[in-house]
**Q** 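The structure's right below; bear with me while I get my questions together.
Order of appearance sets the numbers: ligands from 1, and atoms from 1 within every ligand.
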Amino acid sequence: MGKIKVLSDHLCNQIAAGEVVERPAAVVKELVENSVDAGARRIRVFLEKGGRALVRVVDDGEGMSPEDALLALERHATSKIATAEDLQAIRSMGFRGEALPSIAAVSRLEMITREKEAVSGTRIVVEGGTIRSVEEVGCPAGTSITVRDLFFNVPARRKFLRTVETETAHISDMFLRLALAQPELYWQLVHHDRTVHDFPEATSLHDRVYHVFGAALAKSLIPVDFQTEHAAVRGLIGPPELQRANSRSLFLFVNKRPVKDTLLTHAVLTAYDTLLPKGTYPFVVLFVDVPPRLVDVNVHPTKREVRFRDPPLILDGVRRAMAQGLESAMKASWTRPFYVSSESPRPAAAAAAESRAGLESLPPWTTSAPAARPEPIPIPWPNPLPEGFPAPGSSREERPFEPTGPPAFSSLRILGQLACAYILVEAPDGLILIDQHAAHERISYERLMTGFGSAGSQRLAPPVVLDLPALEADAVNRWLPALQSLGFDIEPFGGGSFVIHAMPSVLKQTDPAALIRRLAESTPAEERIPRVDLMEKLAHTAACHASVRAGQRLNLEEMRQLLKDLDATRLSATCPHGRPLWWKITLDQIQRFFQRT
Ligand code: ADP
Ligand code: MG
């Protein structure tokens, strides 16, 4: 007698449910994705007890015929793919044909559905995978699926469900991601009698983000729009100041599918590089659209992960898109083109138009006439302009003044030094304070990072001896190969002693022993540290060490040189430790303080 048996469909569905239905949030995701695939315009989700007692998704999509409604509950039954070729080019959210039967196998499910043209609809009740009733009913066009008592027949799984608050939080997070991906749809999430989310149909991602996260956040975001040969990358990304403590602030989508993908996440974070302090995350809503043949979505049962067929091809585009967005935003944030009004004072009509457009709540970016002109007239100007708001300069009395050439700190007038720590410069629209130490650190850091590898290694004569406590010595011993590849020649002598024979030429102005010591002290003794991280840490340490300190008086020439060097750095908004590097007080703020507006 053989030992191998073919499992029943019922058992297969329960097994599949183990993967597909982790928790109520997964039920919401699968049902909502089906609604999106069915062409729904309005999607409403109702919950009881964090989805443990009830999840109901109601849509106004294409609905199902009585035959299809029954088939939909069968394993591997789908209307979305038919052939192996289809699997290579998936355009729908679903395709595996296993969500409905899996959910039905571990809950009490009720499906009510009607096609638009049909006179009546169908109601099917399933309990733990067994169909209890099928009947003809009167109902609105579209589909409503109710999932009660999730895992009622799988006690082991029910035990893993968390508190109502936790499960609701998971659902809310999933709901937000799906709603961000489909701004043109109406979305509602109701928990018992409380409306948790209610997002009206939007015409753009920006509007949806505005509804989801509020005006303050939405207006600080930087638009990204980048097209490579193989991918379109677009979205809204936060400036580095908008720091978050965890990666839940990353909303990443591939072909409109919310994903948690390590490679993609890494590509996105690389763009913020040294702009963010370690352990913090940016706010990013990013859509990567690639031809379906270049991405495999069939690698994870809940389709949370994707596999790019040629990762560098796509990820390089992502990195470039992010870098471009960030770079332009950094420059724009302190030298915006400004607008000159020929009338003075500001016409009341303009002020009224602004308040109608809700501009009084906009950030205090002001624009003003150049210093040479009399009467600077501030006109708040959001960037990007909200839709429907006329661009400044479009009316006759306002004309744009474009700054010539790329914006540059060194083109601004230096007013002096404050407290031996800050350089004061005059910007077209205010006063900029530059943290001299942070600025210099950024400059040195960039120089070092570009210099590594290219500048070679330099012998030390005589060699330098270094003695370290056990833990630090242990760390350095582990880093030896990486340090060597960067141009160090360090010989361990045992007992925490090392002899440094050579160091990378770019670091020649630093004391090698002090550098290695500080590196070892400031870095937890990790098992392995990637070469590039080590390079960054070295550059940080060396840059901080070599930089002008706060408390050092600088003459005009030194300040001018610092600003010139700063202009030459790639991203000059924050120091390598993520601290802000400069701060602008706008004329508008000054005028408001003096009650001149
Ligand atoms: P998949 O989405 O992978 O095709 P599902 O088990 O989630 O598999 O759904 C099976 C089928 O049921 C779908 O292919 C679709 O034809 C139909 N279906 C499910 N939900 C809906 C809905 N809300 N509206 C219309 N059709 C639906
Ligand atoms: Mg589905």
**Q** Could you tell me which atoms of ligand 1, counted from 1 in the order shown, lie closer than 4.0 angstrom to a heavy atom of Pro101?
**A** 6 (O)
**Q** Compare Gly39, Ala40, Ser79, Ala38 and give the one whose heavy atom is closest to atom 15 (C) of ligand 1.
**A** Ser79
**Q** Could you tell me whether some N/O pair between Glu30 and ligand 1 is separated by less than 3.5 angstrom?
**A** no
**Q** Measure the shortest side-chain to side-chain distance between Arg157 and Val21 over non-hydrogen atoms and say whether it is less than 4.5 angstrom.
**A** no
**Q** Could you name the option among Gly63, Ala72, Ser144, Gly97 that has the heavy atom nearest to atom 3 (O) of ligand 1?
**A** Gly97
**Q** Measure from the side-chain N and O atoms of Thr113 to the backbone N and O of Met64, and report whether any donor-acceptor pair falls under 3.5 Å.
**A** yes
**Q** What protein heavy atom sits nearest atom 4 (O) of ligand 1, and how far off is it?
**A** Thr78 OG1, 2.5 Å
**Q** I'd like to know whether ligand 1 has Gly142 as a neighbour, heavy-atom separation below 4.0 Å.
**A** no
**Q** Check whether any side-chain heavy atom of Phe199 sits under 4.5 Å from a side-chain heavy atom of Leu189, and report yes or no.
**A** no
**Q** Suppose I only count heavy atoms of Asn34 and a 4.0 Å limit; which atoms of ligand 1 are within that range?
**A** 2 (O), 5 (P), 7 (O), 9 (O), 19 (C), 20 (N), 21 (C)
**Q** Testing the basics here: between Arg309 and Arg293, what is the closest heavy-atom pair and its distance to 0.1 Å?
**A** NE-O, 2.5 Å
**Q** So do Leu178 and Pro258 actually touch side chain to side chain, heavy atoms under 4.5 Å?
**A** yes
**Q** How far is atom 2 (O) of ligand 1 from its nearest protein heavy atom, and which residue and atom is that?
**A** Lys80 NZ, 2.7 Å
**Q** Can you check whether Val164's main-chain N or O pairs, donor with acceptor, with Arg52's side chain at less than 3.5 Å?
**A** no
**Q** I'd like to check Arg56 versus Ser144 (side-chain heavy atoms, cut-off strictly below 4.5 Å). Are they in contact?
**A** yes
**Q** Hey, which atoms in ligand 1 end up nearer than 4.0 Å to a heavy atom of Arg96?
**A** 3 (O)
**Q** Of all the atoms in ligand 1, which lie at a distance below 4.0 Å from a heavy atom belonging to Gly94?
**A** 2 (O), 3 (O)
**Q** Examine Phe151 together with Phe160 and report whether their ring centres are nearer than 6.0 Å.
**A** no
**Q** Of the backbone atoms (N, CA, C, O) and the side-chain heavy atoms from C-beta on, which set of Asp59 has a member under 4.0 Å from an atom of ligand 1: side chain, backbone, both, or neither?
**A** side chain
**Q** Could you see which bit of Met93 sits under 4.0 Å from ligand 1, with heavy atoms only: side chain, backbone, both or neither?
**A** neither
**Q** Please tell me if the side chains of Glu115 and Glu62 come closer than 4.5 Å, counting only heavy atoms from C-beta onward.
**A** no
**Q** Could you tell me whether Lys80 and Asp37 have a side-chain N and a carboxylate O separated by less than 4.0 Å?
**A** yes
**Q** Between Phe95 and ligand 1, is there a nitrogen or oxygen pair with a distance under 3.5 Å?
**A** yes
**Q** Under 3.5 Å between some N or O of ligand 1 and some N or O of Met64?
**A** no
**Q** Would you indicate whether the side-chain heavy atoms of Met322 and Phe226 approach each other to under 4.5 Å?
**A** no
**Q** At less than 2.8 Å, would any N/O/S atom of Thr78, backbone or side chain, sit next to the Mg ion (ligand 2)?
**A** no
**Q** Using a 4.0 Å cutoff against the non-hydrogen atoms of Ala99, which atoms of ligand 1 qualify?
**A** 6 (O), 7 (O)
**Q** Which residue holds the protein heavy atom closest to atom 22 (C) of ligand 1, what is that atom called, and what is the gap in Å?
**A** Thr143 OG1, 3.7 Å
**Q** What's the shortest distance from atom 6 (O) of ligand 1 to any protein heavy atom, and which residue and atom give it?
**A** Leu100 N, 2.9 Å
**Q** A side-chain contact here means heavy atoms from C-beta on lying under 4.5 Å apart; do Ile103 and Val55 qualify?
**A** no
**Q** Give me the nearest non-hydrogen protein atom to atom 10 (C) of ligand 1 as residue plus atom name, then the distance to 0.1 Å.
**A** Ala77 O, 3.5 Å
